[in-house]
Amino acid sequence: MRTLLLVGCTSLLAACGDDGGGIPDAPGVVPDLSTRGSCETVSGPGTEHTANVTAAETWTAAGSPHRIPTNISVLATLTIEPCAVVLLASGVTITIGSTSGPGTIIARGTSAMVGGSLDLRPVTFDAIDRSAKWAQLYVEALGTLDLEVAAVQYGGQPVTGEPGAILVQGVAGGTNGGAITRSTKLVNVLIEGSASYGLNLNAWGALDAASRDVVIKSSGGAQAPYAVRVEPGVVGTLPVGLVATGNMKDAIEVRTIKTFMRDDTFVDRGLPYHIIGPLSVNSNADGAPLKLTIEAGVTLAFEDRVGSGIFVGSSTTRQGILDAIGTAADPIVFTSNKATKAAGDWRGITFRASPATGNRISHARVEYAGGASQTSSFGCGPNTNDSAVFIQGTGGDQMPPASAFIDNTTFDNIGGMTVIVSAWISDTGPNFAPTNTFGAATGACKVSRPRRTGTGDVCDGGRTTCWP
């Protein structure tokens, strides 16, 4: 796992690099946006905004503070100047765009070297009263948000719907399978003091590919304790240089109610991914297998819930590929998200409808799995499939997978009677035992043999049920 560095680049800018605009090139090294930098002190009554923005306008630094006492919508292009300050009242949301039309906020501060010193001029969104936090910048599916050298402070008060200081909404709400919407660009952005998520990517709303260097600090609440919340399918859009520090949970919550996703990559951003509910690696339409890639060094921690875990493929026509290849130095870790962990905290990894060619788990650690599967017939007695890994065959479970596609992986603290269940019917098939390591806190049966052909079942005494 990489360790990202959060510093004030005022003194380190020359060392960490400069792209000409003063923004550091090194991911995870950003200017100290919690200060006003070179901006003049804001004083006076400023400008109050109570009406929706329906024609192009600019909020200037000179007109600051721009006070927002009630919810407003931006339905045209709103430009916010460097050094401008926007102050929002308790519970207030700025909605950008709508479900039927566009709207845009462009708020770009500046960061440049002048006479050997950093001239930092951020745009600031803050609370009128920090003890009464505002709600969110809500980017609707047809809206766009462009923040650069900007601070979003003391928002995130939970409202109806999804919370978060910045909420990026897509078109694939609920169980819908719409297109991914990359509507928001965040470059050198600080999100601080949110009462819920700092950043929430909902319904396959996502960040622009140019996004980088986002710092989320001192955020989270009982309803939404994580720095970031995201759905499977857009996890790979999280920015390089993502830093979380001092939040209620310095982690990325991955949560969805969908039983499908899009091709995605869990990139090593230096933060663990906490998986809430089942993670289904398959499409919602027949076709080529969908692929989930997990990079070396990534940790996936699963909640304690019936059915929690990874489910690869849903049928022979809607297959999935899990490509989880770590290294000896940076293994991939599949674990429990409980503070005090125990065997059986989460269900495990299930390959359904026969693993497609390309599935691979290598140089990984699987721990605290083996929770209740609520299925039976293949695992070693008493007639249970509770295990860390469950691998089905095809054609009524007749055909085995082509190869032992799990290797160099350590299993420990596993619930159930079996660690890896060979859930196909055959007198042959790959043996997953020799190329993996099984800790002391695992069941007596490390890898079950497949059910034999003919009458009887795996535990009828006809032959040994576990691979040696």
Heavy atoms, side chains only, cut-off 4.5 Å: are P355 and V312 in contact?
no
Closest non-hydrogen contact found for P400 with P430 is CB-CD, 4.1 Å
Specify the closest pair of heavy atoms between L142 and T99, including all atoms of both residues, with the distance to one decimal.
CD1-O, 3.6 Å
Specify whether F438 and F411 have parallel, tilted or perpendicular ring planes, treating 30° as the upper limit for parallel and 60° as the lower limit for perpendicular.
parallel
With a 4.5 Å cut-off on side-chain heavy atoms, are T93 and L167 touching?
no
Donor-acceptor contact below 3.5 Å, side chain S219 vs main chain K217
yes
Is the shortest side-chain heavy-atom distance between W134 and V152 below 4.5 Å?
yes
What's the verdict on side-chain contact (heavy atoms from CB on, under 4.5 Å) for M261 and V281, showing C-alpha distance, side-chain angles and the deciding distance?
CA-CA 6 Å; M261 57 183 291; V281 184; 4.2 Å; yes
Just verifying a value: how many Å separate H363 NE2 and T327 OG1, rounded to the nearest 0.5 Å?
7.0 Å
What is the distance from atom CG of N188 to atom CG of L147, rounded to the nearest 0.5 Å?
11.5 Å
If only side-chain N and O atoms count, and only distance matters, is there a donor-acceptor pair under 3.5 Å linking T144 with T104?
yes
With side-chain contact (heavy atoms from CB on, under 4.5 Å) as the test, would you mind laying out the steps for L271 and L238 before giving the verdict?
CA-CA 11 Å; L271 298 169; L238 292 174; over 6 Å; no
Strictly distance-based, threshold 3.5 Å: is any side-chain N or O of S283 a donor or acceptor partner for the main-chain N or O of A285?
yes
Would you check if F260 and L290 make a side-chain contact, meaning some heavy-atom pair closer than 4.5 Å?
no
Separation of L279 CG from F311 CZ (nearest 0.5 Å)
9.5 Å
Are V149 and P31 side-chain neighbours, meaning at least one heavy-atom pair lies under 4.5 Å?
no
T181 side chain to A141 main-chain N or O, any donor-acceptor pair under 3.5 Å?
no
Pairs in or reaching into residues 432-446: which pass salt bridge (Lys or Arg N to Asp or Glu O under 4.0 Å), with residues at least two apart or in two chains?
none
Nearest non-hydrogen partners of G178 and A172, listed with the distance
N-CB, 3.5 Å
Straight-line distance of D264 CG to K291 NZ, nearest 0.5 Å
12.5 Å
Do F405 and F432 have ring centroids that are under 6.0 Å from one another?
yes
A441 backbone acceptor or donor facing D412 side chain under 3.5 Å:
yes
Minimum heavy-atom separation for F351 and I349, please, with both atom names.
CE1-CG2, 3.7 Å
Whether D407 and R360 form a salt bridge (side-chain N of Lys/Arg under 4.0 Å from carboxylate O of Asp/Glu) is what I want to check.
yes
With sequence neighbours left out, what residues match T95 under side chain to side chain donor-acceptor pair (under 3.5 Å)?
none
Sequence neighbours left out, cut at 3.5 Å: what donor-acceptor pairs do the side chains of residues 225-237 make with other protein atoms?
| unit_1 | atom_1 | unit_2 | atom_2 | d |
| --- | --- | --- | --- | --- |
| Y226 | OH | H274 | ND1 | 3.0 |
| R229 | NH1 | N200 | OD1 | 3.2 |
| R229 | NH1 | N202 | OD1 | 2.6 |
| R229 | NH2 | E231 | OE2 | 3.2 |
| R229 | NH2 | R255 | O | 3.0 |
| E231 | OE1 | K258 | NZ | 3.2 |
| E231 | OE2 | A203 | N | 3.4 |
| T237 | OG1 | V234 | O | 2.9 |

Between F334 and I310, is the side-chain contact (heavy atoms from CB on, under 4.5 Å) condition met? List the steps.
CA-CA 10 Å; F334 302 90; I310 300 178; 3.8 Å; yes
Side chain W346, main chain G371, donor-acceptor under 3.5 Å:
no
Flag the pair Y154 / E192 as yes when at least one side-chain heavy-atom distance between them is below 4.5 Å, and no otherwise.
yes
Donor-acceptor side-chain pairing of E367 and T335 below 3.5 angstrom:
yes
S196 versus Q223, side-chain donor and acceptor atoms under 3.5 Å:
no
Show the nearest heavy-atom pair for residues P122 and L33, with the distance to one decimal.
CB-CD2, 4.0 Å
Side-chain donor/acceptor of N359 to backbone N/O of L322, under 3.5 Å:
yes
May I ask you to decide if S362's main-chain N or O and N408's side chain share a donor-acceptor pair within less than 3.5 Å?
no
State, yes or no, whether a side-chain contact exists between L199 and L207 at a heavy-atom distance under 4.5 Å.
yes
Once rounded to the nearest 0.5 Å, what's the spacing between atom CG of N337 and atom OG1 of T299?
12.0 Å
